[in-house]
Amino acid sequence: MKRKLKVIFIAVYFAVLIYTFVCLALSGHVDFGHMNIYFGEVPEGTAFADILVKGKAEDTEMDFNVYNGSVLEVDRSCEIAEYNADGYTSLFLKHSGVDLEMRDLSPDSENKYMEVGGGSHTLSQFRYIKLAYCDKDGNILGITKETEVKKTPLNDVTYEIKADGDDLRCRFFKAPKYYLFALVLWAVVLFAVCAAVIIIKEKIAERQSAKMRIPIQSGEVDNERKE
């Protein structure tokens, strides 16, 4: 019994070790806490971009996102904040749970981007999006084509958006727990099989050893009787 518990402990230990290792490896390559927007060509005068979302998300809708408004230095009366055409509204200024953190769309920048905290969870509630290029006052300079937001069963993803002129692409990365869950199960099964093989081999060895002892013990008894 103690031997079995020891083998199980070793199996669980290595499963946790592999789980931790993969977590660290994935966290170094994919940031699941942020949503990034990358840009190619943008209209002249573009100071920031806003994601236009179509549909309803009652738990995130709000009159005006004051925090993002202060970051972008626009108010609720600007064109992008009041935009409402064909069911599309501003994600950054009309919804909560989306925090703008960093952006660089300057004309001299080689890698134009915007980084959004918590945006993937909110974006996953919508099916279609567009992207609006805006000047520093929140006036709309151009809007991209519509693109579909892909989803997973649990919507546990992070999105990466690429806008280049009129073209818009949205791809997602699955959160690591799907892979880790499968990996841990695989590891547990593997070590369970290894543990079973080890236990079986030890039992076979014990039986063979026991069979070898029987003749020896019989011989010793006969010798004792003769004496």
Side-chain angles (χ1 to χ4, degrees), residues 31-106 109 112-174:
D31 183 0
F32 288 94
H34 294 84
M35 178 176 68
N36 295 318
I37 308 172
Y38 300 99
F39 300 89
E41 294 294 326
V42 300
E44 185 177 354
T46 298
F48 67 89
D50 194 352
I51 298 174
L52 301 176
V53 292
K54 183 178 183 178
K56 295 290 184 180
E58 301 295 341
D59 59 332
T60 68
E61 289 182 350
M62 60 191 308
D63 181 55
F64 183 72
N65 189 315
V66 177
Y67 172 79
N68 289 336
S70 64
V71 172
L72 298 173
E73 298 181 351
V74 296
D75 57 33
R76 67 184 68 229
S77 64
C78 69
E79 184 178 5
I80 186 61
E82 294 184 337
Y83 186 85
N84 190 346
D86 299 325
Y88 278 97
T89 57
S90 165
L91 177 66
F92 296 158
L93 299 176
K94 303 295 286 186
H95 294 83
S96 62
V98 185
D99 300 323
L100 295 175
E101 296 187 1
M102 292 187 289
R103 62 189 171 103
D104 182 6
L105 278 80
S106 59
S109 176
K112 298 180 178 66
Y113 74 97
M114 295 179 68
E115 186 176 282
V116 185
S120 288
H121 174 72
T122 303
L123 190 65
S124 67
Q125 300 181 55
F126 300 94
R127 186 174 179 184
Y128 296 101
I129 62 171
K130 295 181 180 180
L131 190 132
Y133 301 103
C134 305
D135 65 14
K136 62 182 182 61
D137 297 318
N139 298 311
I140 299 174
L141 302 176
I143 297 177
T144 67
K145 296 177 182 178
E146 181 183 74
T147 190
E148 186 177 1
V149 179
K150 295 181 180 180
K151 299 183 179 182
T152 61
L154 298 178
N155 292 332
D156 192 9
V157 300
T158 187
Y159 291 99
E160 179 183 277
I161 297 171
K162 177 64 182 294
D164 191 359
D166 191 40
D167 183 51
L168 182 66
R169 288 176 289 164
C170 179
R171 64 173 181 164
F172 68 88
F173 300 95
K174 290 183 180 180

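The minimum heavy-atom distance between Ala47 and Leu105, with the atom names listed, is O-CB, 4.1 Å. In terms of heavy-atom proximity, Met35 sits nearest to Tyr159 at CG-O, 3.2 Å. Of all non-hydrogen atoms in Gly165 and Thr144, the two that sit nearest each other are O-CG2, 3.5 Å. Between Pro43 and Tyr133, the shortest heavy-atom distance links the atoms CD-CG, 3.4 Å. The minimum heavy-atom distance between Lys150 and Phe172, with the atom names listed, is CB-CE2, 3.4 Å. Across every non-hydrogen atom of Phe39 and Leu131, the tightest pair is CE2-CD2, 4.0 Å.
The shortest distance between side-chain heavy atoms of Leu72 and Leu93 falls below 4.5 Å. When side chains are defined from C-beta on, Arg103 does not count as touching Glu115, because their heavy atoms never get closer than 4.5 Å. A heavy-atom distance below 4.5 Å is found between the side chains of Asp166 and Lys145. Looking at Ser77 and Glu82, their side chains come closer than 4.5 Å, going by heavy atoms from C-beta outward. Thr60 places none of its side-chain heavy atoms less than 4.5 Å from the side chain of Val98. Side-chain contact between Lys130 and Val53 is absent, with no heavy-atom pair separated by less than 4.5 Å. The closest side-chain heavy-atom distance from Glu41 to Asp164 is below 4.5 Å. The shortest side-chain heavy-atom distance between Phe48 and Cys134 falls under the 4.5 Å cut-off.
Partner of Ile161 under the side chain to side chain contact (heavy atoms under 4.5 Å, CB included) criterion, out of Val149, Leu123, Thr147: Leu123 alone.
With a 6.0 Å radius and a threshold of 12 heavy atoms from other residues, nucleotides or ligands, Glu44 has its CD atom at or below the threshold. Applying the 6.0 Å contact sphere to CD of Glu146 captures more than 12 heavy atoms from other residues, nucleotides or ligands.
Every residue two or more places apart in sequence or in another chain that forms a side-chain hydrogen bond (donor to acceptor under 3.5 Å, both in side chains) with Glu101 is listed here: His34.
Here Cys170 contributes atom SG and Lys162 contributes atom NZ; the two are 13.5 Å apart, rounded to the nearest 0.5 Å. From Tyr83, atom OH reaches atom CD1 of Ile140 across 6.0 Å, with rounding to the nearest 0.5 Å. One finds the CG atom of Leu168 at 11.5 Å from the CD1 atom of Ile143 (value rounded to the nearest 0.5 Å). Atom OG1 of residue Thr89 and atom CG of residue Leu52 lie 7.5 Å apart, to the nearest 0.5 angstrom. To the nearest 0.5 Å, the span separating CD on Glu79 from CG on Leu141 amounts to 8.5 Å. A distance of 5.0 Å separates OG of Ser90 from CD1 of Ile80, quoted to the nearest 0.5 Å.
Checking side-chain atoms of Asp50 against main-chain N and O of Phe92 turns up a donor-acceptor pair under 3.5 Å. Asp135 contributes a side-chain N or O that, together with a main-chain N or O of Asp137, makes up a donor-acceptor pair within less than 3.5 Å.
Residues Lys54 and Asp86 are not paired through a salt bridge, judged by the lack of any N-O separation under 4.0 Å between the basic side chain and the carboxylate.
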Discussion item. Assess the residue pair Val116 and Ile51 against the criterion (side chain to side chain contact (heavy atoms under 4.5 Å, CB included)); give the C-alpha distance rounded to whole Å, side-chain angles, the decisive distance to 0.1 Å, and a yes or no.
Written reply: CA-CA 11 Å; Val116 185; Ile51 298 174; 5.9 Å; no
Practice prompt. Take Lys94 and Asp63 through the test side chain to side chain contact (heavy atoms under 4.5 Å, CB included) and record every step on the way to the result.
Written response: CA-CA 6 Å; Lys94 303 295 286 186; Asp63 181 55; 4.2 Å; yes
Discussion item. Under the criterion side chain to side chain contact (heavy atoms under 4.5 Å, CB included), I'd like the reasoning laid out for Asp167 against Arg169: C-alpha separation, chi angles, the key distance, then a yes or no.
Written reply: CA-CA 7 Å; Asp167 183 51; Arg169 288 176 289 164; 3.8 Å; yes
Discussion item. Run Tyr113 and Asn36 through side chain to side chain contact (heavy atoms under 4.5 Å, CB included) and show every step you take.
Written reply: CA-CA 7 Å; Tyr113 74 97; Asn36 295 318; 5.6 Å; no
